Novice: 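Starting off with a structure, shown below.
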Amino acid sequence: MSSEHYTPPVNPLPPVVVALVLFIMGIELAFTLGTRGLVGGPGAVGWRLEAIQRYSFSADIFDWMVMNGRWPVEHVIRFFTYPFVSGGFTQALFVCVFVLAMGKMVGEVFGGFAMLVIFVLSGVGGALAYAVLLDPRYPLVGGFPPVYGLIGAFTWLLWRRLSLVGENQARAFQLIAVLMGIQLLFGLIFGGTSDWVADLGGFATGFGLSFFVAPGGWARLVGRIRRD
C-alpha cells in the first residue's frame with residue numbers, strides 16, 4: 001500500500017554515508033579475500049602490505065617534505081588515502097559502524113557534502129597532529145581519526161543544543177571523554193601505539209569545522225565578529 005503520508009520506520013542513511021562505508025569495506029574485503037587466496041591469485045597476499053607502503057601516512061615522509069620544501073603528489077595524497085587502508089578486518093568493521101552511526105546524525109543536520117568535508121579534513125587534521133606532536137615509528141592507517149572528526153561534529157551539535165536550553169555545555173564532551181578513557185585503559189592493559197593523538201586531532205578538527213560548515217554557521221560567525 002502506498003501513500004503520500006507514508007513514513008518509513010527507519011530514516012534512510014545519507015547517500016554519502018553509504019558510499020563511504022561501501023568504499024571502506026570494499027577495500028577491506030579485497031585485502032581479506034586476497035590474503036586467503038580467494039581472489040587475485042598469489043600476488044593478492046601482499047595487497048594490504050603494498051597499500052600500507054604506498055598510501056599510509058608516514059610522519060618521516062612528512063618531515064622530509066617540510067625540511068626540503070617539496071610536496072610530491074604521491075606523498076601528499078597520503079593525508080587523504082590512509083583512512084581507507086585498514087590494518088585489519090576488525091578495525092575496518094568498527095570504523096564502518098561509527099561512520100554509519102555518527103555520519104547519519106551529522107549528515108542529517110549538516111548535509112551530506114558538509115559531512116564529507118568534515119570526514120576528509122578531520123583525517124588531515126589527525127595526521128598533522130600525529131606527525132607534529134609525536135615522533136612515531138609506525139605509519140598511520142585506518143579511519144578512526146576522521147571518525148573522531150564526526151564525533152567532534154556530533155559533540156558540537158550537543159554543545160550548541162545545551163547552550164540554547166541554558167544547560168552545562170561541558171556535558172557535550174562526555175562521549176569523547178569516555179572514548180579516550182577506554183583507549184587509555186586498553187593501552188595500559190594490552191599495550192599499543194599513540195594513534196590516540198591522531199584521533200584527538202581528528203576530533204578537534206571536526207569540532208572546529210562545525211562552526212563553519214553547520215547550517216548558517218558562517219553567517220553566524222561573521223555576525224558575531226561584526227558585533228564584537
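As the structure is a computational prediction, the values presented were derived from the model and not from experiment.
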Novice: Could you label the plane-to-plane angle of the Phe211 and Trp159 rings as parallel, tilted or perpendicular, counting under 30° as parallel and over 60° as perpendicular?
Specialist: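 Answer is perpendicular, since the angle exceeds 60°.
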Novice: So which atom in Phe31 and which in Ala51 form the shortest heavy-atom distance, rounded to 0.1 Å?
Specialist: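 Result for this residue pair: CZ-CB, 3.5 Å.
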Novice: Apply side chain to side chain contact (heavy atoms under 4.5 Å, CB included) to Ala153 and list each qualifying residue two or more places apart in sequence or on a separate chain.
Specialist: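 For Ala153, the residues satisfying side chain to side chain contact (heavy atoms under 4.5 Å, CB included) (neighbours in sequence not counted) are Val106, Phe110, Ile118, Ser210.
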Novice: With rounding to the nearest 0.5 Å, note down the distance linking CD in Gln169 to OG1 in Thr155.
Specialist: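 With rounding to 0.5 Å, CD (Gln169) is 12.5 Å from OG1 (Thr155).
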Novice: Tell me which donor-acceptor pairs under 3.5 Å the side chains of residues 59-67 have, and how far apart each pair is, sequence neighbours excluded?
Specialist:
none

Novice: Any pair with a residue in residues 162-176 that passes salt bridge (Lys or Arg N to Asp or Glu O under 4.0 Å), sequence neighbours left out, goes on the list, sorted by first then second residue, please.
Specialist: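 For residues 162-176: Glu167-Arg171.
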Novice: With distance as the sole test, does Ser163 use its side chain to make a donor-acceptor pair with the main-chain N or O of Arg160 at under 3.5 Å?
Specialist: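 Yes.
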Novice: What side chain to side chain donor-acceptor pair (under 3.5 Å) pairs are there with at least one residue in residues 65-89, not counting sequence neighbours?
Specialist: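 Every side chain to side chain donor-acceptor pair (under 3.5 Å) pair that includes a residue of residues 65-89, provided the two are not neighbours, is His75-Arg78.
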Novice: Side-chain contact test, heavy atoms from C-beta onward, threshold under 4.5 Å: evaluate it for Asp199 versus Ile151 and give yes or no.
Specialist: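 A side-chain contact is absent here, since even the closest heavy-atom pair is not under 4.5 Å.
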Novice: For Phe94, check ring-ring contact (aromatic ring centres under 6.0 Å, His included) against everything at least two apart and list the hits.
Specialist: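 Partners of Phe94 by the ring-ring contact (aromatic ring centres under 6.0 Å, His included) criterion come out as none, since no residue qualifies.
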Novice: I need the minimum non-hydrogen distance between Pro83 and Pro146, along with the two atoms involved.
Specialist: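 The answer is CB-CG, 3.8 Å.
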Novice: For Arg137, what residues pass the side chain to side chain contact (heavy atoms under 4.5 Å, CB included) criterion, not counting sequence neighbours?
Specialist: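 Scan of Arg137 (side chain to side chain contact (heavy atoms under 4.5 Å, CB included), adjacent residues dropped) gives none.
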Novice: For Phe203, which residues count as a ring-ring contact (aromatic ring centres under 6.0 Å, His included) partner, sequence neighbours excluded?
Specialist: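 In terms of ring-ring contact (aromatic ring centres under 6.0 Å, His included), with neighbours along the sequence ignored, Phe203 is linked to no residue.
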Novice: Between CG of Leu150 and NZ of Lys104, what distance do you get to the nearest 0.5 Å?
Specialist: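 The NZ atom of Lys104 is 14.0 Å from CG of Leu150, to the nearest 0.5 Å.
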Novice: Mind checking what makes ring-ring contact (aromatic ring centres under 6.0 Å, His included) contact with Tyr55, not counting sequence neighbours?
Specialist: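 Once residues adjacent in sequence are excluded, Tyr55 has no partner under the ring-ring contact (aromatic ring centres under 6.0 Å, His included) criterion.
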Novice: With sequence neighbours left out, write down each residue that passes salt bridge (charged side-chain N to carboxylate O under 4.0 Å, His left out) with Arg48, or none if nothing qualifies.
Specialist: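 So Arg48 forms a salt bridge (charged side-chain N to carboxylate O under 4.0 Å, His left out) with Glu28.
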Novice: Heavy atoms, side chains only, cut-off 4.5 Å: are Leu209 and Trp156 in contact?
Specialist: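 Side-chain contact under 4.5 Å: no.
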Novice: Mind listing the closest non-hydrogen atom pair of Val141 and Val85 along with its distance?
Specialist: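 Smallest heavy-atom distance, with atoms named: CB-O, 3.1 Å.
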Novice: For the residue pair Ala129 and Val197, what are the closest heavy atoms and their distance?
Specialist: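 Nearest heavy atoms, Ala129 then Val197: O-CG1, 3.8 Å.
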Novice: In chain order, what residues pass the side chain to side chain donor-acceptor pair (under 3.5 Å) check against Tyr148, with sequence neighbours excluded?
Specialist: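 Only Gln183 meet the side chain to side chain donor-acceptor pair (under 3.5 Å) criterion with Tyr148.
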Novice: Show the nearest heavy-atom pair for residues Leu121 and Thr205, with the distance to one decimal.
Specialist: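 Answer, listing the atom of Leu121 first, then Thr205: O-CG2, 3.5 Å.
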Novice: Going by the angle between their ring planes, with limits at 30° and 60°, are Phe173 and Phe207 parallel, tilted or perpendicular?
Specialist: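 Plane angle between 30° and 60°, so tilted.
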Novice: Just to verify, what does Arg54 make a salt bridge (charged side-chain N to carboxylate O under 4.0 Å, His left out) with, not counting sequence neighbours?
Specialist: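 For Arg54 the salt bridge (charged side-chain N to carboxylate O under 4.0 Å, His left out) partners, ignoring immediate neighbours, are Glu50.
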Novice: For residues 89-100, which residue pairs pass the side chain to side chain donor-acceptor pair (under 3.5 Å) check, not counting sequence neighbours?
Specialist: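 Side chain to side chain donor-acceptor pair (under 3.5 Å) check on residues 89-100 returns no pairs.
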